[in-house]
Amino acid sequence: MPPMAPSYSFSFFFLFFFTFQYTIVAFSTTTTTQQRFKEAPKFYNSPTCQTLQHHPNHTCPMNAVHVAMTLDVAYLRGSMAAILSVLQHSSCPENVIFHFVSAASQPSSFATLNQTLTISFPYLNFRIYPFDDDAVSRLVSTSIRSALDTPLNYARSYLANILPRCVVRVVYLDSDLILVDDIAKLAATSLGETEVLAAPEYCSADFSAYFTPSFWANPSLSLSFSNRTRPCYFNTGVMVIDLQRWRAGDYTTAIEEWMELQKRMRIYELGSLPPFLLVFAGRIAPVDRRWNQHGLGGDNFRGLCRELHPGPVSLMHWSGKGKPWARLDANMPCPLDALWAPYDLLQTHYSLQA
């Protein structure tokens with residue numbers, strides 16, 4: 001059975017527009033990593049923002065911008081920076097609601113994460129959902145990098161089961177990115193008449209490289225793409241998803257079926273991405289590439305420094321092996337890591353560490 005979330009009551013607070021001057025009032029300390037985070041600034045809605053509208057039969061406002069992210073101790077520093085960047089650049093931060101998914105196998109981390117968010121973002125609209133990572137682990141195959149094998153990486157495939165049914169559309173974001181534009185623009189992406197999700201496509205990438213030679217040698221598998229118009233690579237770290245259409249098409253089951261086949265015969269090497277490509281490549285709504293300037297973490301083996309792709313930037317994504325906070329701590333940052341640093345809420349800042 002797909003992982004399900006128990007019923008929790010929403011805690012909605014007011015968000016306020018960014019103020020440049022703020023005072024560090026409180027810190028949160030994680031028992032696992034001893035990280036201490038500053039309290040984030042308050043954010044204010046602009047005068048033109050709509051008031052959140054609550055339907056009497058729903059537990060969540062329909063006109064909110066819903067954002068989903070996974071949350072764990074290992075990537076908490078990145079998550080905190082991502083949250084801050086979303087709020088700082090939103091014209092209506094009061095209307096942004098965060099849905100965090102955390103591993104159910106680590107209940108102590110669940111409490112720590114909730115406390116950290118509450119202290120650092122006292123006005124944040126958020127809810128944390130437990131994800132049955134133990135149940136999903138049976139479907140996870142080893143990949144080219146061990147960090148990609150964490151069952152929580154596959155939680156994005158279960159959002160339609162985990163989030164309340166009143167959440168119709170959600171923006172999914174990885175934890176290793178920052179926004180420098182209004183997330184409402186991304187959330188408003190047109191999904192057309194039938195598309196289930198939207199994401200920036202990269203048709204110049206070698207699509208065949210994401211699957212093994214045995215996959216392409218088997219006609220019953222490779223012909224999966226035969227009825228699609230130019231299937232292209234897309235990065236699953238930034239997606240706009242219609243959860244109603246996802247549920248109607250039972251796409252979680254479709255992804256799980258490919259994962260089960262992967263356990264029997266190796267058809268890909270790269271974690272949770274290929275099952276998404278197998279189900280959705282060539283069937284997604286387009287998004288401007290400015291919304292996912294990905295690959296800034298370098299390749300999955302060496303994590304070398306990379307530059308931004310040509311063109312405008314609304315979102316920078318440190319996908320790949322190298323993470324900006326780790327490189328900053330090691331005093332070996334890439335040039336673009338300096339763009340991530342202002343969103344770092346860690347109290348013991350990398351430049352002050354011994």
Side-chain angles (χ1 to χ4, degrees), residues 10 12 14-18 43-55 58-69 82-101 124-127 156 159-160 162-175 177-202 232 234-249 251 276 280 282-294 309 311-317:
F10 273 91
F12 292 112
F14 290 105
L15 299 172
F16 300 97
F17 188 73
F18 179 70
F43 298 87
Y44 293 85
N45 265 5
S46 68
T48 58
C49 295
Q50 294 181 344
T51 302
L52 290 181
Q53 300 172 0
H54 294 264
H55 191 281
H58 294 161
T59 58
C60 52
M62 301 299 292
N63 62 328
V65 173
H66 295 279
V67 178
M69 300 175 65
I83 296 166
L84 177 60
S85 73
V86 170
L87 298 176
Q88 177 174 334
H89 296 284
S90 174
S91 58
C92 301
E94 183 180 351
N95 294 357
V96 181
I97 298 173
F98 287 86
H99 304 267
F100 299 112
V101 181
L124 192 67
N125 291 337
F126 79 92
R127 177 182 176 188
R156 71 197 78 188
L159 292 176
I162 297 172
L163 271 57
R165 298 187 73 84
C166 60
V167 179
V168 175
R169 174 180 293 214
V170 69
V171 178
Y172 174 81
L173 299 176
D174 272 352
S175 297
L177 55 77
I178 58 170
L179 278 81
V180 290
D181 203 344
D182 193 341
I183 195 170
K185 299 177 185 177
L186 177 60
T189 299
S190 173
L191 288 173
E193 296 294 330
T194 60
E195 282 80 8
V196 176
L197 64 84
E201 290 183 296
Y202 300 87
C232 299
F234 65 93
N235 181 278
T236 55
V238 180
M239 297 184 290
V240 181
I241 306 173
D242 186 310
L243 296 178
Q244 287 186 335
R245 293 178 183 177
W246 183 293
R247 297 182 186 108
Y251 290 105
F276 263 85
F280 293 110
R283 298 171 174 168
I284 69 173
V287 176
D288 192 288
R289 294 182 185 179
R290 67 188 303 156
W291 289 104
N292 195 354
Q293 287 269 0
H294 71 290
H309 308 295
V313 180
S314 291
L315 184 152
M316 290 177 283
H317 186 186

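Below, all heavy atoms of this structure are taken into account, side chains as well, without hydrogens, waters or symmetry copies.
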Checklist entry - Which atoms form the tightest heavy-atom contact between Ala82 and Met69, and what is the distance? => result CB-CE, 3.8 Å
Next on the checklist: Please report the interatomic distance OG(Ser314) to CD1(Ile183), rounded to the nearest 0.5 Å.
Outcome noted: 11.0 Å
Item to check | Cys60 side, atom SG; His66 side, atom NE2 - distance, nearest 0.5 Å | outcome: 5.0 Å
Next on the checklist: Before you tell me yes or no, could you show the steps for Glu94 and Leu52 under side chain to side chain contact (heavy atoms under 4.5 Å, CB included), namely the whole-Å CA-CA distance, both residues' side-chain angles and the distance that decides it to 0.1 Å?
Outcome noted: CA-CA 8 Å; Glu94 183 180 351; Leu52 290 181; 5.5 Å; no
Checklist entry - Below 4.5 Å, heavy atoms only, C-beta onward: do Val65 and Ser90 meet side chain to side chain? => result no
Checklist entry - Within the side chain of Asn292, is there an N or O that forms a donor-acceptor pair under 3.5 Å with the backbone of Ala199? => result no
Item to check | Nearest-0.5 Å distance, OH of residue Tyr251 to CG of residue Leu159 | outcome: 15.5 Å
Next on the checklist: Between Arg156 and Thr236 (side chain of the first, backbone of the second, donor and acceptor by atom type, cut-off under 3.5 Å), is there such a pair?
Outcome noted: yes
Checklist entry - What heavy-atom pair brings Leu87 and Pro93 nearest, and what distance separates the two atoms? => result O-CB, 3.9 Å
Next on the checklist: Nearest 0.5 angstrom please: Ile241 CD1 to Leu191 CG, how far?
Outcome noted: 9.5 Å
Checklist outcome for this item: Smallest heavy-atom separation, Ser91 atom then Cys49 atom, equals O-SG, 3.2 Å
Next on the checklist: How long is the straight-line distance from CG of Leu197 back to CZ of Arg245, given to the nearest 0.5 Å?
Outcome noted: 11.0 Å
Checklist entry - Does some side-chain heavy atom of Asp174 sit less than 4.5 Å from a side-chain heavy atom of Val238? => result no
Next on the checklist: Out of the candidates Val86, Val313, Val171, only one should pair with Leu179 under the side-chain contact (heavy atoms from CB on, under 4.5 Å) rule; please name it.
Outcome noted: Val86
Checklist entry - Relative to each other, are the rings of Trp246 and Phe276 parallel, tilted or perpendicular (30° and 60° limits)? => result tilted
Next on the checklist: Main chain of Pro286, side chain of Glu201: is a donor-acceptor contact present, judged purely on distance under 3.5 Å?
Outcome noted: no
Checklist entry - Is there a side chain to side chain contact (heavy atoms under 4.5 Å, CB included) between Asp181 and Trp291 once you walk through the steps? => result CA-CA 9 Å; Asp181 203 344; Trp291 289 104; 3.6 Å; yes
Checklist entry - Which heavy-atom pair separates Arg127 from Pro164 by the least distance, and what is that distance? => result NH1-CG, 3.2 Å
Next on the checklist: Would you compute the distance between atom CD1 of Ile83 and atom CG of Leu173 and round it to the nearest 0.5 angstrom?
Outcome noted: 10.0 Å
Item to check | Asn235 side-chain N/O to Pro200 backbone N/O, donor-acceptor pair under 3.5 Å | outcome: no
Next on the checklist: More than 12 heavy atoms of other residues, nucleotides or ligands under 6.0 Å from CZ of Arg165: yes or no?
Outcome noted: no
Checklist entry - Looking at Glu195 and Ile284, what are the two nearest heavy atoms and their distance? => result CG-C, 3.8 Å
Item to check | Whether Arg290 side chain and Pro312 backbone form a donor-acceptor pair below 3.5 Å | outcome: no
